[in-house]
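Below is one structure, written out as structure tokens; comments come after it.
Reckoned from all heavy atoms, side chains included, excluding hydrogens, waters and symmetry mates.
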Amino acid sequence: MYGFSQCAHKPLKKFVPGIEIMQITGCQALMKCLKEQNVDCIFGYPGGAIIDIYDELLRTPEITHVLVRHEQAAVHAADAYARVKGDVGVALATSGPGATNTVTGIASAYLDSIPIVVFTGQVPTSLIGNDAFQEVDIVGITRPCTKHNYLVKDVKDLVPTIREAFHIARTGRPGPVLIDLPKDVMASKLTFPEPEPVQMRTYRPTCEPHPGQIDKACKEIMKASRPVLYVGGGIIASKASGELTELARKLNIPVTMTLMGLGGFPGSDSLSMGMLGMHGTYSANMAVAHCDMLIAVGSRFDDRVTGKIAAFAPHAKIIHIDIDPSSISKNVKVHVPIVADCKKALADMNRWFDSSPDVNLKAVHAKHDPWLAQIKEWKTAHPLSYVEETDIIKPQFVVQKLHELTGGDAIICTEVGQNQMWAAQFYQFDKPNQWMTSGGLGVMGYGFPASIGAQMAAPDKVVIDIAGDGSIQMNIQELATARQYKCPVKIAILNNHYLGMVRQWQELFYDKQYSGTILDVAPDFVLLAQAYGAVGLRATKPSEVEPVIKEALATKNTVIMDFLISREEGVYPMVPAGKATTEMLLV
Amino acid sequence: MRHTLSVLLQNKPGVLSRVTGLFSGRGFNIESLTVAPTIEKEVSCLTLVTSGDESIIEQITKQLHKLIDVIKVTDMSEHEYVDREMALIRVKAEASTRAEVLRVIDIFRGKVVDVSPKSYVVEVTGSQTKIKAIIDILRPIGIQEIVRTGAVAMTRAVK
């Protein structure tokens with residue numbers, strides 16, 4: 001159930017023929033299309049321009065509609081739903097402000113390559129361009145942050161457009177697609193066309209790796225003595241964890257993951273070096289700086305990963321596997337590019353190493369042993385750590401306890417900032433699709449609505465939002481949604497009464513001038529939870545952490561855990577922006 | 001370095017803004033841009049002149065390819081090609097300079113398409129170098145207004 005189908009065409013649900021001659025409304029056609037795409041849950045908020053769609057939803061019991069309390073939350077929830085289900089998430093908003101409120105969610109899904117389809121209402125076609133009430137050019141607004149978008153002006157285009165949108169969202173490098181639906185178009189009648197596979201002249205993503213490039217890459221790997229696998233969200237999107245793990249273990253190659261790639265390779269495996277980059281581990285950053293072969297898979301050399309480009313993997317030959325040709329050689333010049341679905345490319349490489357007569361896997365292992373010994377030395381010298389204290393709660397301790405008490409099996413959502421980095425560092429992920437974070441756009445307010453989306457997709461899982469006291473307030477209104485749909489999500493607020501990450505930068509680089517980062521005035525989160533009918537718990541000292549988490553996990557309701565943490569705790573290691581990744585500030 | 005890109009795209013509303021938005025959003029440079037339908041009425045050809053080093057041109061080409069409505073991108077600089085641009089130039093033409101202006105237009109094989117007692121409107125077609133040359137020659141006489149189409153380009157047939 002996990003992972004996105006990158007290239008394979010999903011079989012469409014067939015409908016019983018016989019009623020095709022009948023004319024149906026655009027709204028009815030939309031419902032039929034959603035069912036055809038196996039959509040069983042959507043997140044939305046009604047309004048004047050989509051009142052007809054909401055009316056039709058009432059007559060569509062197969063689709064659960066989750067009424068959020070802000071349209072941004074609908075998109076984040078659809079995003080997490082997509083990540084957990086491994087299929088397209090769907091959000092619905094009205095025209096004008098409803099549509100503009102979705103933009104942050106769409107941009108986040110775009111940067112994280114998450115397949116979602118967002119439907120927005122639009123004023124009737126006769127009024128488009130008239131500055132009508134609640135009219136915005138949402139197609140124009142979202143053009144740079146969607147994979148593609150549409151305004152449906154004629155009802156006969158409605159069904160083909162929806163089918164195309166789902167196809168574009170889920171294939172190739174996945175991403176958000178928006179469809180703008182004018183009110184009159186949705187009320188018009190049409191004859192529903194039979195389902196047929198989408199054929200597009202202009203969109204055919206490359207999935208199959210070029211055999212020549214695979215051969216070249218594998219031969220280069222054989223020459224290396226200090227190789228590193230640097231893997232990103234593409235591993236999760238293409239469900240390539242198995243192939244990656246096989247390759248790493250087969251050749252004895254250490255693996256580092258980006259923020260988006262966490263869980264793509266088991267964090268507990270001895271070959272794992274954890275995350276790299278700005279708040280990556282010492283061993284991962286040192287390994288990349290000293291490797292002679294960097295195998296990048298489904299990752300995009302983001303500035304938070306590379307630091308100073310000139311000092312990133314300076315001694316390495318670079319192989320880059322990515323389904324998006326524009327990701328290759330964008331920031332860092334690559335020696336062997338492979339444009340393909342990661343899963344297929346890794347599978348082909350595994351096959352190459354298994355079948356090539358010149359490959360002696362034992363010798364390869366032995367050749368890499370000194371390199372792994374060096375990495376082990378780095379790991380031992382500077383492991384992820386923090387200074388433990390007896391009377392003050394350390395945020396890292398909270399995350400470690402969450403890991404311990406959930407057996408590492410919870411779905412972890414995060415907000416953005418210190419909470420996100422501590423979660424990434426200290427909740428060790430062994431499996432893909434249990435880690436939801438706004439990696440590229442870095443949206444404060446992502447985690448809580450995402451946890452609702454994740455819980456709707458996986459009702460039996462423990463879902464935890466690791467939050468800060470700043471970011472939780474960006475979508476706190478969703479407590480009502482969580483309560484309404486009985487989502488027993490657990491919110492762990494690492495409360496330091498600061499906007500912690502910006503404060504940390506101010507501490508380090510701005511003479512401790514805490515401009516705009518002190519959150520002295522905040523709600524009492526325990527009482528706030530109670531006001532919504534949820535449960536509020538608080539821990540003020542380390543000994544209370546475990547009982548609070550245990551009680552939360554045993555509660556069938558939505559729970560806020562308010563952990564009052566060491567106020568000026570920082571996230572370390574840290575590579576200052578623009579510096580080489582070896583120039584780490586350590587604990 | 002200057003590159004002329006020929007981009008075939010679906011003739012749909014909003015497609016041009018996808019292309020221009022891509023250029024402004026990613027900080028790429030557009031020197032000129034023209035677009036019109038091709039022989040297939042649902043396909044338009046957009047000719048775009050831009051500049052940048054090899055890696056920027058590579059990114060531009062890849063990013064254009066990534067737009068769903070783009071069918072094909074050709075970097076003309078990798079081929080033998082012809083390019084043409086048309087310019088309308090309103091040039092001062094009073095009694096003392098009229099003959100000189102006509103001589104220049106003749107040399108560049110342009111033509112006068114509008115006449116008034118004090119000025120001509122000149123139509124001239126050619127490569128961008130040629131357009132620049134006639135502008136440079138006419139400037140001292142007195143150019144009042146220029147409108148240019150931007151370049152269109154086509155690959156030469158393989159001989």
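- Using a 4.5 Å cut-off between non-hydrogen atoms, the part of residues 3-19 of chain B that approaches chain A consists of Gln10(B), Gly14(B), Ser17(B), Arg18(B).
- A salt bridge between Arg201(A) and Glu40(B) is present, with a side-chain N of the basic residue lying under 4.0 Å from a carboxylate O of the acidic one.
- Between Asp322(A) and Arg300(A) there is no salt bridge, since none of the side-chain N atoms of the basic residue sits less than 4.0 Å from a carboxylate O of the acidic one.
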Checking Lys62(B) against Asp324(A) for the side-chain contact (heavy atoms from CB on, under 4.5 Å) test, could you report, in this order, the C-alpha distance in whole Å, the side-chain angles of both residues, the deciding distance, and whether it holds? CA-CA 9 Å; Lys62(B) 284 174 169 177; Asp324(A) 178 3; over 6 Å; no
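- Within a 6.0 Å radius of CD in Glu80(B), other residues, nucleotides and ligands contribute 12 heavy atoms or fewer.
- Residues Val177(A) and Val118(A) fail the side-chain proximity criterion, which asks for heavy atoms closer than 4.5 Å.
- Comparing Val70(B), Ile71(B), Ile68(B) by heavy-atom pairs within less than 4.5 Å of chain A, the highest count is held by Ile68(B).
- Residues of residues 148-161 of chain A having a heavy atom under 4.5 Å from any heavy atom of chain B, listed by number: His148(A), Asn149(A).
- Ion pairing between Arg98(B) and Glu94(B) fails under the 4.0 Å rule for side-chain N and carboxylate O.
- By the 6.0 Å contact criterion, NZ on Lys66(B) is enclosed, its count of non-hydrogen atoms from other residues, nucleotides or ligands being greater than 12.
- Around atom CG of Asp136(B), more than 12 heavy atoms belonging to other residues, nucleotides or ligands sit under 6.0 Å away.
- Aromatic ring pairs are classed by plane angle as parallel below 30°, tilted from 30° to 60° and perpendicular above 60°; the pair Phe119(A) and Phe166(A) is tilted.
- Here the side chains of Met76(B) and Thr155(B) are in contact, with some heavy-atom distance below 4.5 Å.
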